[in-house]
Each structure stands twice: as structure tokens, then as C-alpha cells.
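Only one structure is covered here, and it is reproduced in the block below.
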Amino acid sequence: MRFLSLLCSTSPAPARAKRTLEIAPAPFRRRRSSSTGAPAVPLPRERRREALQNGLFSLLRRHGGSRRVALQVHGRVVASGLLLRDLSSSSTATLLFNALLRCYALDRLPLEAFLLYKDVQSGSLSASSSVSFNSFTYTFLLNSCVGLGCTVPGVQLHGLTLKLGFESHVYVQTALVYMYVACGSVGEGGKVFDCMPVRNPVTWNVLISGLTKWGRLDLARSLFEEMPVRTVVSWTAIIDGYTRMNRPNEAIHLFRKMVTDDGIAPSEITMLTIFPAIANIGSVKVCQSAHCYGEKIGFNSSDIRVANSLIDLYSKCGCIMSAWKFFEEITDARKNLVSWTSIISAFAMHGMGEEAAQGFDRMEIGGLKPNQVTFLSVLNAFSHGGLVEEGLRFFERMVNVYQLVPETKHYGSLVDMLGRAGRLKEAEKVAVEVPREIANVVIWRTLLGACSFHGDVEMAERATERILEIERGYGGDYVLMYNVFAGAGRFNDAERLRQLMDQATASKVPGHSLV
DNA sequence: GTAGGGTTAG
């Protein structure tokens with residue numbers, strides 16, 4: 001574990017760090033007078049320590065988002081015993097300690113946060129504690145708990161904060177609501193919320209976002225209507241809820257309402273939230289006006305995520321040329337891996353395998369390293385474009401050159417690609433070779449589809465067997481298999497299957513077109 | 001020196 005090696009290390013910086021960050025003034029370096037070159041009088045110990053604390057603190061502020069810097073500062077704190085000693089309570093020490101916790105909370109590193117807290121609390125870092133815990137400490141610790149996926153440490157902190165008298169502290173209580181709902185304990189979060197004597201918009205937003213995240217859209221909506229002051233975050237959260245629940249028209253309606261009724265300007269995040277809703281309704285006109293708005297307000301050029309999402313949006317609205325044109329307008333320096341993956345996936349959607357391959361090559365030349373998502377997009381492009389040999393070659397490259405472990409979807413794409421091309425034996429071989437831990441029904445369903453298309457009855461039976469081993473309730477499988485039997489003239493088998501389907505009480509939802 | 005919404009696959 002990186003943290004433990006840090007603790008044991010005598011070196012102030014973690015071994016993995018590429019370079020040690022320069023902090024002025026350095027702790028044990030003697031200053032030289034600039035005029036004479038003679039050593040200056042060393043600062044008193046306390047002042048020297050405070051200077052170092054300040055240096056580390058401002059370093060954290062400047063590089064707040066960097067995990068490497070946080071770990072380095074942590075290492076420095078441990079190695080130099082900075083939070084230790086017989087000082088009376090020092091505000092700088094507390095400041096530094098909290099800032100470090102904040103970094104861990106933002107970076108979702110609960111373990112590091114708790115170890116730091118424990119060390120200070122137990123006194124191994126603070127002989128008579130120069131650090132005093134305050135509301136900030138508990139806010140950050142609670143935020144660190146998010147992502148643990150369990151509320152146990154959070155519940156303990158909850159008790160502790162009550163004991164310490166933070167029961168009406170808005171920040172601490174809001175952090176509690178956040179911790180509970182983010183960990184899935186929506187009811188507990190609601191209880192804390194209900195008991196709060198004072199709330200602010202963030203408190204409401206935290207609860208609303210948590211509710212939409214867990215699909216409780218109606219409850220979120222009523223809170224949204226009830227809240228006294230709605231900010232852009234509130235609107236974004238509720239819009240996102242509708243988008244996720246596949247209710248794009250309501251999402252777009254709310255977006256318009258936000259701008260016209262409340263006069264609130266959408267943020268970058270609001271744009272990111274509304275794009276999938278626009279893609280869902282597939283309106284080129286709305287897509288274009290979203291593009292224009294982004295240009296006007298500057299999001300398209302200031303935030304690469306907005307630009308990337310626009311590529312995807314154009315593509316999903318059927319405008320591959322606009323997607324391509326917009327992509328090309330982004331300067332190479334701004335394009336990141338997601339930009340390239342988005343355009344490759346756009347080509348994939350439109351069956352343009354050659355273009356996807358060219359895009360991939362250009363990306364590689366530009367020095368970007370593809371990930372699993374990039375490869376999945378490329379494979380899908382080859383599958384939809386019928387470029388089987390290229391697909392197999394890229395799969396091999398993904399595993400051997402880039403050392404990426406294929407996921408179920410990569411195998412699924414291969415099966416689809418081989419199956420479409422009628423190379424059923426190879427497709428079945430891939431399906432059989434999928435590691436057991438990640439094998440799923442989709443792989444076999446894909447193969448069954450290909451068998452049905454190419455009329456291979458025996459293989460279709462084998463695929464159906466595999467599907468039924470895993471899942472029995474999906475009527476589509478029976479229908480496909482029925483068609484295979486019927487197509488081969490094996491009407492008795494077809495009838496037997498239909499009875500089997502009735503027994504399994506599988507139901508097939510009748511197909512319908514949205515167009 | 002606090003807290004909240006986050007781009008690509010499907």
C-alpha cells in the first residue's frame with residue numbers, strides 16, 4: 001500500500017514521485033544572507049515549523065487536485081513530525097491538516113484520510129496535539145466516506161459529530177446528508193435533512209441529486225418544487241434526473257423553464273446533462289441550437305467535455321458530417337482521449353470502419369494511449385463496417401501491445417463481427433473462450449442472432465442451451481430459436497419450443513417503432 | 001482554508 005510505505009519511509013517524499021516539490025523556506029536549510037553569503041541566523045523552531053506548514057499549505061492550495069502533491073505533503077508531514085511537538089494549539093497546523101483531508105475527500109481517498117486522522121488523534125503525530133479538530137475536519141472526513149459504498153465509518157462519524165455539538169452546523173449536517181444518500185441510504189439522509197434546523201441551497205441540492213441518482217425522481221421533483229431558492233445546480237440535478245429516467249422531453253422542458261422563468265444561465269454541467277436528452281429525441285434542430293449556445297457563451301472552447309459531448313450529440317442525431325467538422329475544428333492540443341474516442345464511436349455508429357481506423361491511427365501518432373473504451377468503439381466500427389480482419393488484428397493489438405484486459409463487451413463485439421460475416425465457427429469459438437467470470441447471456445444472444453440470420457440450426461440450439469442455463473425469462477430468445485426451427489422446416493421442434501416458452505412464462509413485449 | 005451537479009461504450 002502506498003500510504004504505509006510512505007509512513008515507514010524516512011524520505012520526506014514518496015519513492016514514486018518524479019520530482020520533489022520545492023517548498024520555501026526549506027525546513028533545515030540555513031538561509032544565506034544575499035549580500036555577504038554568510039549563514040543567516042536560524043529562525044526559532046516554532047517559527048520555522050510554522051513557515052513550513054504555511055509552505056505546504058499553499059502548495060496544497062495551488063495543486064489541490066493533484067493526488068501526487070497530497071501524498072508528498074502527507075509524507076513530509078509524517079517525516080518531519082510537523083503536526084507533532086509540544087506546541088500549544090496552532091491554527092496553521094489545523095489548517096494544513098484540514099487542507100490535506102480536503103484533498104483526500106476530493107480525490108476520494110478515504111483510507112488516506114482516515115489514517116491521517118487516526119495518527120493525529122492517537123498522538124503519534126501530535127504528542128500533545130497541535131492540531132485541533134473542527135467542523136472542517138468532520139465535513140471533509142464525511143466526504144471521504146463517499147465512495148466507500150458502506151455507511152459504517154460514516155455512522156460512527158455521525159455519532160461523533162452529535163457528541164461534539166455539530167447537530168445544527170449546516171456544513172457538517174449537509175455533509176452527513178450527502179454521505180448517506182451517496183452511499184445509498186436515502187432514508188437516513190432524509191432523516192438528517194428533516195432534523196436540520198437550518199438548511200441552505202446546497203443541503204437541498206445534495207438531497208435532490210441523491211434521490212435522482214437512486215431513481216427516486218418523483219420525490220426529488222417535489223423537493224425541487226418545495227425548495228425556497230433554486231440554483232443552477234438544483235436545476236441541473238433535476239434535469240439530469242429526467243434525462244437518466246429516459247424522459248427527455250420533460251428534461252428539455254425544464255431546461256427552457258430554467259432559462260425563461262428563473263433567468264438562470266445553464267452551466268457547463270447543465271449542458272452536459274441536457275445533451276443526452278437531445279440525443280434521445282434526436283432533433284437536429286435542438287442539437288444545432290445547443291451548439292450555437294455553446295459557441296456564444298464560450299463553453300465549446302473553454303470546456304473540452306462540452307466539446308466532446310457535442311461530437312457525440314451530432315453523431316447520435318444522425319449528423320456524422322457535422323460531428324466530424326466540429327471535431328476537426330478542435331485544435332489538436334485540446335483534443336484528449338475522450339475526443340478521439342467520441343469521433344471513433346461516431347464513425348462506428350455510422351458503419352464507417354475505415355474512417356474509424358484512420359482516426360485511431362491519427363490518435364496514436366498524436367501520442368495518446370487508447371483505453372478499453374477506445375478499443376470497444378473501434379471494434380464496433382469494424383463490426384458495423386464489416387471489416388473482420390482489421391477487427392481481429394485490433395483485438396490482438398489491444399491485448400498484446402496495449403496489455404488491456406478485454407471486457408465482456410469486447411468479446412461481444414468480436415462475436416457480432418464474426419457472426420455478421422457468417423464466420424459462425426470462429427464466433428462460437430470466441431463465445432466459448434470468454435472467461436467464465438465475465439461471461440453473460442448477451443454474448444450467446446448475439447451468437448444466436450447470427451445463427452438465426454445464417455440458418456445454422458445446430459449451433460443455434462447450442463447457443464439457446466447456454467442462454468437458458470443463465471436466464472429463462474426473456475421471450476426474445478425463444479422467438480429467435482422458434483424462427484430458426486421454422487426456417488429449417490422443423491415445425492415439431494418449433495412447437496415444442498413454444499410450449500417450453502409458455503411453461504417458463506416468458507413474455508415477449510411486442511416490438512414497436514418510434515419512427 | 002468548507003459542502004452540491006461532471007465528457008467517450010451501452
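Within every chain, numbering begins at 1; the chains are lettered A, B, ... in the order of the sequence lines, protein sequences first and strands thereafter.
Among residues two or more places apart in sequence or in another chain, the side-chain hydrogen bond (donor to acceptor under 3.5 Å, both in side chains) test is passed with A:Lys316 by A:Asp312. Listed by chain and residue number, nothing satisfies the side-chain hydrogen bond (donor to acceptor under 3.5 Å, both in side chains) test with A:Asp361 (two or more places apart in sequence, or in another chain). Partners of A:Thr270 according to the side-chain hydrogen bond (donor to acceptor under 3.5 Å, both in side chains) rule, which considers only residues two or more places apart in sequence or in another chain, are A:Thr236, A:Ser267. Every side-chain hydrogen bond (donor to acceptor under 3.5 Å, both in side chains) that A:Asn280 has, sequence neighbours left out, goes to A:Asn246. Residues satisfying the side-chain contact (heavy atoms from CB on, under 4.5 Å) criterion with A:Arg420, sequence neighbours excluded, are A:Ser383, A:His384, A:Asp416.
Residue contacts shown for A:Ser342 are limited to sugar-phosphate atoms, with no base heavy atom under 4.0 Å away. Among the atoms of the strands shown, base atoms are found under 4.0 Å from some heavy atom of A:Val373. Among the atoms of the strands shown, only primed sugar atoms or phosphate atoms (P, OP1, OP2) are found under 4.0 Å from some heavy atom of A:Tyr178. Base engagement by A:His169 is indicated by at least one non-hydrogen atom pair under 4.0 Å involving a base atom. Residue contacts shown for A:Asn200 include a base, since a base heavy atom lies under 4.0 Å away. Counting any heavy atom pair closer than 4.0 Å across all strands shown, A:Ser267 reaches a base atom. In this structure, A:Ser345 reaches the sugar-phosphate backbone alone: every heavy-atom distance under 4.0 Å involves primed, P, OP1 or OP2 atoms, never a base. Using a 4.0 Å heavy-atom cutoff across all strands shown, A:Asn98 reaches at least one base atom of the nucleic acid.
Atom CG of A:Leu379 and atom C1' of B:dG10 are 15 Å apart (whole Å). The CG atom of A:Asn143 sits 9 Å away from the C1' atom of B:dT2 (whole-angstrom rounding). Going from atom CE of A:Met196 over to atom C1' of B:dA3 covers 10 Å, rounded to whole Å. Between the CZ atom of A:Phe360 and the C1' atom of B:dT8 there is a distance of 14 Å, given to the nearest Å. With rounding to whole Å, A:Met179 atom CE is found 22 Å from B:dT2 atom P. Remark: P of B:dT8 and NZ of A:Lys335 are 18 Å apart, rounded to the nearest angstrom. Spacing between atom CH2 of A:Trp204 and atom C1' of B:dG5 amounts to 18 Å, rounded to whole angstrom units. Taking atom CG on A:Asp107 and atom P on B:dA3, their separation rounds to 14 Å, with Å as the unit.
Using the six-membered ring where Trp is involved, A:Tyr138 and A:Tyr117 have ring planes that are perpendicular, over 60° apart on the 30 and 60° scheme.
Listed in residue order, the members of residues 231-252 of chain A having a heavy atom less than 4.0 Å from DNA chain B are A:Thr231, A:Val232, A:Val233, A:Thr236, A:Arg244. Near DNA chain B, meaning a heavy atom under 4.0 Å away, the residues from residues 306-319 of chain A are A:Asn308, A:Ser309, A:Asp312, A:Lys316.
A salt bridge does not link A:Arg221 to A:Asp218: none of the charged nitrogens lies less than 4.0 Å from a carboxylate oxygen.
Judged by distance alone, with hydrogens and angles left aside, A:Thr212 brings no side-chain donor or acceptor close enough to the base of B:dG5 to form a pair under 3.5 Å.
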Show me, pair by pair, the donor-acceptor contacts under 3.5 angstrom made by side chains of residues 363-372 of chain A, not counting sequence neighbours?
| unit_1 | atom_1 | unit_2 | atom_2 | d |
| --- | --- | --- | --- | --- |
| A:Glu364 | OE1 | A:Arg397 | NH2 | 2.6 |
| A:Glu364 | OE2 | A:Arg397 | NH2 | 2.7 |
| A:Glu364 | OE2 | A:Tyr402 | OH | 2.3 |
| A:Asn371 | OD1 | A:Val373 | N | 3.0 |
| A:Asn371 | OD1 | A:Thr374 | N | 3.0 |
| A:Asn371 | OD1 | A:Thr374 | OG1 | 2.9 |
| A:Gln372 | NE2 | A:Val405 | O | 3.3 |
| A:Gln372 | NE2 | A:Glu407 | OE2 | 3.4 |

Considering only distance and modelled atom types, tabulate donor-acceptor pairs under 3.5 Å from the side chains of residues 184-195 of chain A, sequence neighbours left out.
| unit_1 | atom_1 | unit_2 | atom_2 | d |
| --- | --- | --- | --- | --- |
| A:Glu188 | OE2 | A:Lys191 | NZ | 3.1 |

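Comparing B:dA9, B:dT7, B:dA3 by their nearest atom to the side chain of A:Asn336 picks out B:dT7. Ranking B:dG5, B:dT7, B:dG1 by closeness to the A:Thr270 side chain, first place goes to B:dG5. When the nucleotides B:dG5, B:dA9, B:dT2 are ranked by their closest atom to the side chain of A:Met349, B:dA9 comes out on top.
Surrounding CZ of A:Arg216 are at most 12 heavy atoms belonging to other residues, nucleotides or ligands under 6.0 Å away.
Aromatic ring centres of A:Trp324 and A:Phe347 lie closer together than 6.0 Å.
Between A:Asn380 and B:dG10 there is a side-chain N or O to OP1 or OP2 distance below 4.0 Å.
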